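The next block holds one structure in the form of structure tokens; read it before the comments.
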Amino acid sequence: MPVISTERLTKRYPGVTALESLSIDVGDGVTGLVGANGAGKSTLIKILLGLTGATSGGARVLGHDIDTEGLALRSRVGYMPEHDCLPGDVSATELVVHLARMSGLPTSAARERAADTLRHVGLYEERYRPIGGYSTGMKQRVKLAQALVHDPDVVFLDEPTNGLDPAGRDEMLALVRRIYTDFGISVLVTSHLLGELERICDNVVIIDGGTLLRSSSVADFTRSSAQLALEVVAEPATALAALRAAGLEVTRDGLLLLVELAGDETYDLVRDVVADHGLGLVRLEPRRHHIAEVFDEEATRVAR
Amino acid sequence: MSHADGSPTGVIHNIGYRGYDGERLTRRAITLGLYTHSLRGAFGLGRAARSKVVPIGMFVVLLLPAVVLAVVAVVGANMGQLDAPVVPYTRYAMIMQAALAIFVAVAAPQAVSLDLRFHSLPLYLARPLERVDYVRAKLAAMTTAVLILLAVPLVVLYLGSLAAGFDAGRESVDVAQALLGAVLFSAVLASLSVLIASFTSRRGFGIAAIVTVLALSYSIVSSLQGVVAFDADNSAAAGWIGLFSPMTLVDGVQVWAFGVTASTPAGPPSDLAGLVFLVVTLGVVALTYWALTRRYRKVKV
């Protein structure tokens, strides 16, 4: 059973179409929802939670229909909003305990889970101080904790790295990855930065202008391209000439030489050329794509 | 700050995650939880110390005169001077209305404006309760808070009367009437103040707006009543004017339903008028509830 499945989901605001007939299936694991600002990422999450209604179409989360089974759905889902949503005059502990109770946990369980969860997201003594004095990084952790405190089956994280510095970003991403690998909770995480999601996601859904651009596993995105990347000790120009003389199609990319891969025999040929000319092999590997490249290609194709 | 942002992630890893397979409460129980949380919040419990000053202060301000009056009743009765309370129970809310107004003006924005200001509503609405549950919990909590504020002094007055040896049967009926009136006062004050507070995310605006609406409407209505009743000698018209401020409205219901002394220059002039006062009182509560549910159906999250 897919964690999330939407069926021709459409959301129109006066003058703007946020989602246009979006049909996607999201399974277990960490799924990245990628798109530019205004692509409809937050709108999709809000519709899935029942915070806002869809204009047409339907969706199911964990098998619960968003229109008719909102309560059951929301008791098993965690939500980390994009924007600031924390009251400044209460402590993280008080807030998370309260919100755990609002998710249906009895008081004693709420206390225990809140303490556990705050520790898991990396908040210690400071959790007794009012949230108003927290740094952005600490606030993001509190937001994450309240989304996890009731042990949901899936969490929706809307731009969890927003406003964080590079170190904080890395920590947050590692935390997001652990939500699935260590906690066993599926994750739908949005970002407008592809590089981030590439590192932590199993699957990526790319939407643009409210429509689905592409949905597939990260492995598919970053599959091997039909090129070999070669780095040698010798001058790249010398090596380039030698390889071309051997009948290979070669282009140069800085220090790297990119050899068109015709088949397994290409590896042998490259090896022989390098050995014969004493070029000194440093590195020989199939070149991988980054999602960003695919995204750029597709985005420009759509733009046209 | 020893563990701030650079906290050792390896430590987290070692503790290990534990799931939760225990009981999960129903929507009704969760709403009840929000109600108790909001009720505590109305008195500043679970909030910073400065949030407690006004609510607890007003509680004391409302309670002290009742304590004094209870002592007066006991002493007066022992001296053979008194055989009934100095102040009728039903008049207590009207006499102490300034403190009541200050209390609701501070507590209502505390209950709803803060969630708007900090944009915390999505945190609630993404959980297993509906928007209308939020409205109900907040309204019920405010009503209860005002009722506590009013009922405790009434009970103190009543105990004073019993200790003074006044006619227990008569006192019990009187205090029961006053408590019924207190329920109406609480419902009207809570509904209006929560509705006003729900339109602003700024606590200061909420406080100012609620105090203005309550104090201004009362001073205009009561002075108009005075002019019409005494200068123009038209007590019927003066009675009708009472409809237009929350406090005089509920007082009118008490005057008509229980036949008690009016705290205003004139009460409802006839049984029909009294009935109108009651219908308007219930109408105000129903209408504000409806307006609040509409307000929260539309509030953006």
Side-chain angles (χ1 to χ4, degrees), chain A residues 46 49-52 70-75 77-79 81 83-90 94-95 98-99 101-107 109 112-113 116 119-126 130 135 137-138 141 143 146-147 149-151 156 165 167-168 171 174-175 178-179 182-185, chain B residues 1-9 11-13 15-34 36-38 40-41 44 46-51 110 114-115 117-131 133-134 137 203 297 299-301:
Chain A
K46 284 176 184 171
L49 284 166
L51 294 181
T52 183
L71 290 177
L73 183 161
R74 290 199 294 272
S75 70
V77 176
Y79 172 48
H83 298 292
D84 221 1
C85 57
L86 304 173
D89 61 339
V90 295
E94 285 170 296
L95 179 75
H98 171 55
L99 289 172
R101 296 181 64 208
M102 292 298 97
S103 283
L105 268 58
T107 308
E112 200 175 310
R113 289 275 322 165
D116 272 6
R119 203 174 53 219
H120 281 300
V121 301
L123 281 173
Y124 299 87
E125 289 84 8
E126 58 269 35
S135 68
M138 285 156 70
R141 285 163 195 260
K143 279 161 69 176
Q146 65 78 30
V149 70
H150 53 296
D151 190 30
F156 299 158
D165 60 25
E171 283 175 18
L175 206 48
R178 253 198 348 262
I179 292 173
D182 292 5
F183 306 175
I185 299 169
Chain B
M1 286 295 289
S2 57
H3 289 288
D5 281 350
S7 48
T9 45
V11 174
I12 301 167
H13 213 69
I15 293 166
Y17 183 81
R18 286 180 296 167
Y20 177 76
D21 299 318
E23 186 194 4
R24 286 178 197 261
L25 304 176
T26 59
R27 168 184 171 188
R28 181 185 288 268
I30 294 171
T31 309
L32 192 67
L34 183 56
T36 49
H37 184 262
S38 306
R40 284 167 49 84
R47 293 265 178 179
R50 62 188 142 79
S51 307
Q110 171 82 42
L114 288 185
D115 285 340
R117 170 161 138 225
F118 293 118
H119 308 287
S120 309
L121 268 180
L123 299 183
Y124 288 103
L125 300 181
R127 295 187 140 74
L129 78 173
E130 303 285 356
R131 288 170 189 241
D133 299 330
Y134 179 87
R203 186 153 46 167
R297 208 163 45 229
V299 72
K300 253 181 88 76
V301 291

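In what follows, every chain begins at residue 1, and chains take the letters A, B, ... in the order their sequences are listed. Predicted model only: the values in this text are computed from it and were never measured.
Residues satisfying the side-chain contact (heavy atoms from CB on, under 4.5 Å) test with Thr36(B), not counting sequence neighbours, are Arg101(A). Checked against side chain to side chain donor-acceptor pair (under 3.5 Å), Arg27(B) has the following partners two or more places apart in sequence or in another chain: Asp133(B).
Asp116(A) and Tyr17(B) are not linked by any side-chain donor-acceptor pair at a separation below 3.5 angstrom, with hydrogens and angles left out of the test.
The two atoms that bring Asp89(A) and Gln110(B) nearest to each other are OD2-NE2, 4.5 Å, heavy atoms only. For the residue pair Ala126(B) and Leu51(A), the shortest heavy atom distance occurs at N-CD2, 3.9 Å. Met102(A) and Gly33(B) get closest at one heavy-atom pair: CE-C, 3.7 Å.
In this structure, the portions of Gln146(A) lying under 4.5 Å from any heavy atom of chain B include both its backbone and its side chain. For a residue to count as touching a neighbouring chain, one of its non-hydrogen atoms must lie under 4.5 Å from one of that chain's; by this rule Lys46(A) touches chain B with the side chain only. At a 4.5 Å heavy-atom cutoff, Ala29(B) makes no contact with chain A through either its backbone or its side chain. Looking at Pro87(A), both its backbone and its side chain come within 4.5 Å of chain B, counting heavy atoms on both sides. Contacts between Leu73(A) and chain B at a heavy-atom distance below 4.5 Å are absent for every atom of the residue. With a threshold of 4.5 angstrom between heavy atoms, Arg18(B) approaches chain A through its backbone and through its side chain.
Residue Thr52(A) holds its OG1 atom at 11.5 Å from CG of Leu125(B), rounded to the nearest 0.5 Å. Between the OH atom of Tyr124(B) and the NE2 atom of His98(A) there is a distance of 3.0 Å, given to the nearest 0.5 Å. Atoms CZ and CG, on Arg74(A) and Leu129(B) in that order, are 7.5 Å from each other to the nearest 0.5 Å. Distance CG/Leu121(B) to SG/Cys85(A): 10.5 Å, rounded to 0.5 Å.
Within the 4.5 Å cutoff, side-chain heavy atoms of Leu71(A) are placed close to those of Glu130(B). Looking at heavy atoms from C-beta onward, His83(A) lies out of side-chain contact with His119(B) at the 4.5 angstrom threshold. Residues Arg127(B) and His150(A) meet the side-chain proximity criterion, which asks for heavy atoms closer than 4.5 Å.
Counting heavy-atom pairs closer than 4.5 Å to chain B, the top residue among Gly70(A), Gly88(A), Pro130(A), Pro81(A) is Gly88(A).
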